[in-house]
Amino acid sequence: MLIMKNKFINNKYILRLFWIVILGIIWQVVALSQVFNPTSFPRIETILSSLIHDVTNGDIILQTLYSLSLIFRGVAAALIIAIVLSGLSAISQTFEGFVETLIAIAHPLPGIALLPLIILWIGIGEGAIIFIIIHSVLWPLIINLLTGFKSIPKIYKKIGKNYGLNTIGIIRYILIPAALPYFITGLKIGWARAWRAVISAEMVFGAAGGIGGLGWLIFKKRVFMDTPGLFGGLIVIVFIGILVEDIFFDRLEKITIRKWGMSI
Amino acid sequence: MTSLLKINNISKSFIKDSKKVDVLNKVSFHVKKGEFLSIVGPSGCGKSTLLGLIGGFEEYDEGNIFFKEEEILGPSPNRIMVFQEFNQLFPWQTVLKNVLFPLNINKTEIQLDNRIELAKHYLQMVKLEGYENYYPHELSGGMKQRTAIARALAMKPEILLMDEPFGSLDIETRTQLQSILIELWKEIKATIIFVTHDIEEAVVLSDRIIVMGKSPTSIRDTIVNNLDRPRDRLSTGFIEKVKEIYDKVKE
Ligand SMILES: Nc1ncnc2c1ncn2[C@@H]1O[C@H](COP(=O)(O)OP(=O)(O)O)[C@@H](O)[C@H]1O
Ligand SMILES: [Mg+2]
């Protein structure tokens, strides 16, 4: 019995579900008590039926996919820039000084604070949102890659040379896998920041030239006083966040750095 | 028999806090093919530095090192180094992949299946069969060092350089690995330069022992060790040999 209890508590997902149910019950009790106006504090079944409606007519799915495609493009671009900049920094100290200066200036700036400037420079289209995503992902990624390259034990490189690897071979077979833990950490932080940034940016930019993303969806719902729909959008945002952070990255770490005993 | 390795009057210094620190001072010795040579000396006397020069990892200031009549210019799979550090294996590769990896780079003329067989064969020689799919973090220190030795030997280097490879192991594991190393050395007729500060270890293993003093060092003495193998640590001859070297180190 005691063992079963422990197992129950040890299973992360079951524990997570358990608390979600508890919070849902509390929510429902508050909603039913009508302490707050039902139009701004809807009951769970109202929220869910609105969400199901939005899912079945396809809107929310398209908008989610749109937000994700923006992130995907931004992250891909940031990835390339980060690898080039940190790679060059690993080779040249002068260049590393330059990159570190860039980080010092740009990293503390929240993407949203750049909005007015971005509107001025790029306008209000997709490009602007992708710019903000790149900004959110790039700096944590570079910082972690730089730390990662520096933390590689010198002995790995020696062994690579001893066994006949040239510079490209050392980068491909040694530096990249050896820096992977830091790379994943950088991606995790970058993803978390990008996901938040894309939602905020979409609320500001609207559906410029398309259907708009999740941020635009919840913004519209508020304008039309569709509170259940607003909560439905928030649920999707949370759900995707959990899916990526707790499941995608967790799996990725499990089959790589945790299996190799390289977690940092 | 001609010498495989000739070290002639090499000197090496480092710059430390903008001051020149001499470490090696006109060191000379030769190594014959098939020989098991040990280098002993107090910590900090320059043993690792010397081995690093032979490995080609660092440049010497003066003198020269000839390997098969050619001057050493850099690291090469002909001269493989085994280190003391347990992290000399790549943590992202299994034991088998760690051994296979250098073969995949250097021995592409051998078919992949045969390369895998070769890697397995050497793992068997260091008594690690059954651990092929383990990752380094799942191994004990002794098993990691055995993997590193298998990886080095699978390359069939002409000379094996070992820098206190058993220095971080407990005494029991260390003794076990010494026996394995001697067996391997006999079986594949390797040439080994083995650095240690454990005099007993040097006497168990080697044909010849070079004694280095405090840096900046040249060689104090070279002692021939003809004791019959397998060597008995409790025999009078063994104890006398250890004492002889101990006195040389202390001088
Ligand atoms: N890269 C280096 N830079 C400066 N000093 C060094 C360097 N490598 C070794 N030394 C110095 O050279 C001396 C010999 O070191 P080492 O060869 O590691 O000794 P041993 O292996 O015999 O213990 C030590 O005093 C050490 O501080
Ligand atoms: Mg040393």
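Note on naming: letters A, B, ... go to the chains in the order of the sequence lines (proteins, then strands), and numbering restarts at 1 for each one.
Contacts between Asn87(B) and chain A at a heavy-atom distance below 4.5 Å involve backbone atoms as well as side-chain atoms. Using a 4.5 Å cut-off between heavy atoms, Ile105(B) contacts chain A through its side chain alone, with no backbone atom that close. Using a 4.5 Å cut-off between heavy atoms, Met155(B) touches chain A through its side chain atoms alone. Of the two parts of Pro177(A), the backbone and the side chain both hold a non-hydrogen atom closer than 4.5 Å to a non-hydrogen atom of chain B. Proximity to chain B involves both the backbone and the side chain of Ile174(A), based on heavy atoms less than 4.5 angstrom apart. Within the 4.5 angstrom heavy-atom criterion, only backbone atoms of Arg79(B) (N, CA, C, O) approach chain A.
A distance of 8.5 Å separates CH2 of Trp260(A) from CH2 of Trp92(B), quoted to the nearest 0.5 Å.
Applying the 6.0 Å contact sphere to CZ of Phe249(A) captures more than 12 heavy atoms from other residues, nucleotides or ligands. More than 12 heavy atoms of other residues, nucleotides or ligands shown are found within 6.0 angstrom of NZ on Lys144(B). Around atom CD of Glu109(B), more than 12 heavy atoms belonging to other residues, nucleotides or ligands sit under 6.0 Å away. Around the NE2 atom of His137(B), the shell of radius 6.0 Å holds more than 12 heavy atoms that belong to other residues, nucleotides or ligands. Within 6.0 Å of the CZ atom in Phe14(B), the count of heavy atoms belonging to other residues, nucleotides or ligands exceeds 12. By the 6.0 Å contact criterion, NZ on Lys107(B) is enclosed, its count of non-hydrogen atoms from other residues, nucleotides or ligands being greater than 12. In the displayed structure, Glu172(B) atom CD is contacted under 6.0 Å by at most 12 heavy atoms of other residues, nucleotides or ligands. No more than 12 heavy atoms of other residues, nucleotides or ligands shown are found within 6.0 angstrom of CZ on Phe131(A).
Using a 4.5 Å cut-off on side-chain heavy atoms (C-beta onward), Leu89(B) and Tyr156(A) make no contact. Residues Pro157(B) and Tyr163(A) fail the side-chain proximity criterion, which asks for heavy atoms closer than 4.5 Å.
Considering every non-hydrogen atom in both Gln88(B) and Ile159(A), the closest pair reads O-CD1, 3.1 Å.
Judged by the 6.0 Å distance and 45° axis criteria, Lys158(A) is positioned over the aromatic ring of Phe57(B).
At least one donor-acceptor pair closer than 3.5 Å links the side chain of Asn162(A) to the backbone N or O of Met81(B). Within the 3.5 Å criterion, the main-chain N or O of Gly164(A) finds no donor-acceptor partner in the side chain of Asn106(B).
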